[in-house]
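Notes to accompany the following structure.
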Amino acid sequence: MSVRVRFAPSPTGALHIGGVRTALYNYLFAKKHKGAFILRIEDTDQNRFVAGAENYIEQALEWAGVSPDEGVNAGGDFGPYKQSERKDLYKQFADQLLAEGKAYYAFDSSEELDEMRERLKEARVANPQYNAITRMQMVNSLTLSDEEVKERIERGDDYVIRIKLPRNEDVRFKDLVRDWVVVNTATMDDKVLLKSDGMPTYHLANIVDDHMMEISHVIRGEEWLPSAPLHVLLYEYLGWEKPEFAHLPLLLKPDGNGKLSKRAADKLGFPIFPLNWNDPVSGELSKGFKEEGYLSDAFINFLAFLGWNPGGEEEIFSMDELIDAFTIERINKAGARFDIEKAKWFNEQYLRTKPDEELAEAYSSLYDQPIEKSKSLAIVAALKERVTFVQDIKVAGSFFFESPKEFDEKTTRKKWNEFAVEKLKGFSAELAPLNEVSKEEVKEIFMAYLATDETPLGKVMPALRLALTGQGGGPDLMAIMSILGPKEVVDRINKAIQALA
Ligand code: GLU
């Protein structure tokens with residue numbers, strides 16, 4: 001059997017990072033088994049539709065490098081890939097279930113439903129349901145005569161179609177992550193399959209589509225686990241073979257206490273969406289991982305390890321390596337704590353391995369005026385080992401563009417003295433006639449100068465760094481001097497001598 005998996009988001013807002021992880025695991029599994037990764041848009045709930053969300057989902061997946069093989073834009077033989085365009089299909093299966101007595105019409109108004117729940121609550125029923133017991137007191141095709149049902153439908157009364165669950169039966173299935181799941185139908189609800197607007201509910205549409213699209217494995221978030229027994233029953237009722245199920249562990253807040261929500265992420269000051277999201281309803285702008293400076297391959301590596309690990313010590317995995325290593329068996333049952341520090345760590349590792357050319361381009365684009373290529377290349381090479389994000393290079397390297405106004409107090413106190421100043425003056429004199437120097441050349445000049453009277457490096461270097469950058473530490477000083485150029489170095493030494501006199 002060929003592997004066909006789907007990511008099936010509802011376009012109700014921005015894609016949460018948990019959704020991206022679900023998409024990623026589906027993608028890895030599909031690629032590993034040379035199968036297909038499908039993007040299906042589940043937009044049957046018209047009330048929750050949010051403009052721009054579908055487009056956002058497509059763009060986020062593309063940025064993350066998990067583009068679908070089949071979908072609204074990708075095309076494919078199993079379309080349409082948007083549920084609102086498949087509306088007619090679902091009704092036919094709801095009708096089939098009705099005809100076979102596995103579903104029924106229900107005409108209850110929302111007041112009647114509320115009343116029923118109230119009644120059950122008063123009778124201390126823990127979990128008020130529309131089920132085998134209560135359904136016989138409600139207004140539906142099981143309690144009304146055939147004529148009355150017909151009449152109500154003909155005169156246009158609102159109705160829904162509900163699944164008719166067995167009264168007391170264990171539904172069992174084996175989840176690939178959670179192992180055996182057993183739920184008794186006495187605890188379940190006769191869920192609505194088709195709504196009064198003729199649209200299917202998530203449950204019906206999801207099962208029909210997974211079947212018609214020949215989905216082999218349903219890999220989705222744990223929040224859907226409670227729906228899975230109903231889905232299993234629906235497959236049985238429709239006489240279809242069910243797919244394999246794998247329910248992924250929740251993403252938890254950093255302290256492990258509860259689900260990682262947007263609110264929690266906002267409070268802790270890190271993004272929850274892959275890309276910037278401009279909420280069309282509230283007007284609120286939420287920053288994305290991309291815009292915060294995360295590299296997509298670092299983001300993916302980080303995400304892959306939230307709830308899965310390949311075993312062993314190695315943590316840096318390219319997409320191809322992830323595909324190779326990925327197995328459902330190694331997905332954890334326990335919730336995955338979200339750790340933004342780990343995300344930063346991954347970004348640092350990836351940033352360091354990026355070619356200078358690529359980083360220089362990204363770095364240069366942060367300025368209104370483009371920076372000379374050789375300069376931006378030298379700056380990123382000097383700083384990439386020391387930062388988390390490309391934009392940090394701009395901050396950490398601001399001294400490349402303006403001479404220091406302030407000088408680190410501790411370094412000044414400990415390392416700035418008459419002897420150092422004399423040496424800096426002497427070194428300035430060596431540099432003054434030069435127009436440019438490589439870091440190797442300037443190193444040679446500096447070392448040769450100190451060697452004339454065997455001055456130890458530590459007596460001058462910190463003062464020189466202080467004069468050039470105002471700081472006590474930083475990137476390779478020779479690289480700094482080469483980037484600034486001899487004239488600027490001399491100028492800054494003079495300015496520092498004046499400022500610190
Ligand atoms: N439309 C559901 C969602 O928004 C899909 C759940 C599933 O994968 O079955 O996540």
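Remember, it's 1-based here, ligands and their atoms both numbered in the order they're listed.
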K394 charged N/C atom sitting above Y367 aromatic ring, 6.0 Å / 45°: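 The answer is yes, since K394 meets both limits relative to Y367.
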Could you work out, with side-chain contact (heavy atoms from CB on, under 4.5 Å) as the rule, every residue matching S365, not counting sequence neighbours?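 For S365 there are no side-chain contact (heavy atoms from CB on, under 4.5 Å) partners, ignoring immediate neighbours.
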Can you confirm whether the side chains of [X] and [Y] place a donor and an acceptor under 3.5 Å from each other?
X: E70; Y: Y81; answer: yes
X: E42; Y: S10; answer: no
X: Q137; Y: T134; answer: no

Just jot down the ligand 1 atoms closer than 4.0 angstrom to any heavy atom of E42, in number order.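 The list of qualifying atoms is 1 (N), 2 (C), 5 (C).
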Within ligand 1, which atoms have a heavy atom of Y202 less than 4.0 Å away?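 Result: 2 (C), 5 (C), 6 (C), 7 (C), 9 (O).
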Structural part of N206 in contact with ligand 1, heavy atom criterion under 4.0 angstrom: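 Contact part for N206 vs ligand 1: side chain (C-beta onward).
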Heavy-atom distances under 4.0 Å are what count here, so tell me which part of F7 touches ligand 1: side chain, backbone, both or neither.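 Under 4.0 Å from ligand 1, F7 contributes no heavy atoms.
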Within-shell test, R6 vs ligand 1, heavy atom, strictly < 4.0 Å: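 R6 counts as a contact of ligand 1 under the 4.0 Å cut-off.
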Nearest protein heavy atom to atom 4 (O) of ligand 1, by residue and atom, and its distance?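 Of the protein heavy atoms, S10 OG, 3.2 Å lies nearest.
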Which residue and atom name correspond to the protein heavy atom nearest atom 5 (C) of ligand 1, and how close is it?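 The protein heavy atom lying closest is A8 O, 3.1 Å.
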If you look only at pairs with a residue in residues 122-141, which of them pass as a salt bridge (charged side-chain N to carboxylate O under 4.0 Å, His left out), with sequence neighbours excluded?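 Every salt bridge (charged side-chain N to carboxylate O under 4.0 Å, His left out) pair that includes a residue of residues 122-141, provided the two are not neighbours, is R135-D190.
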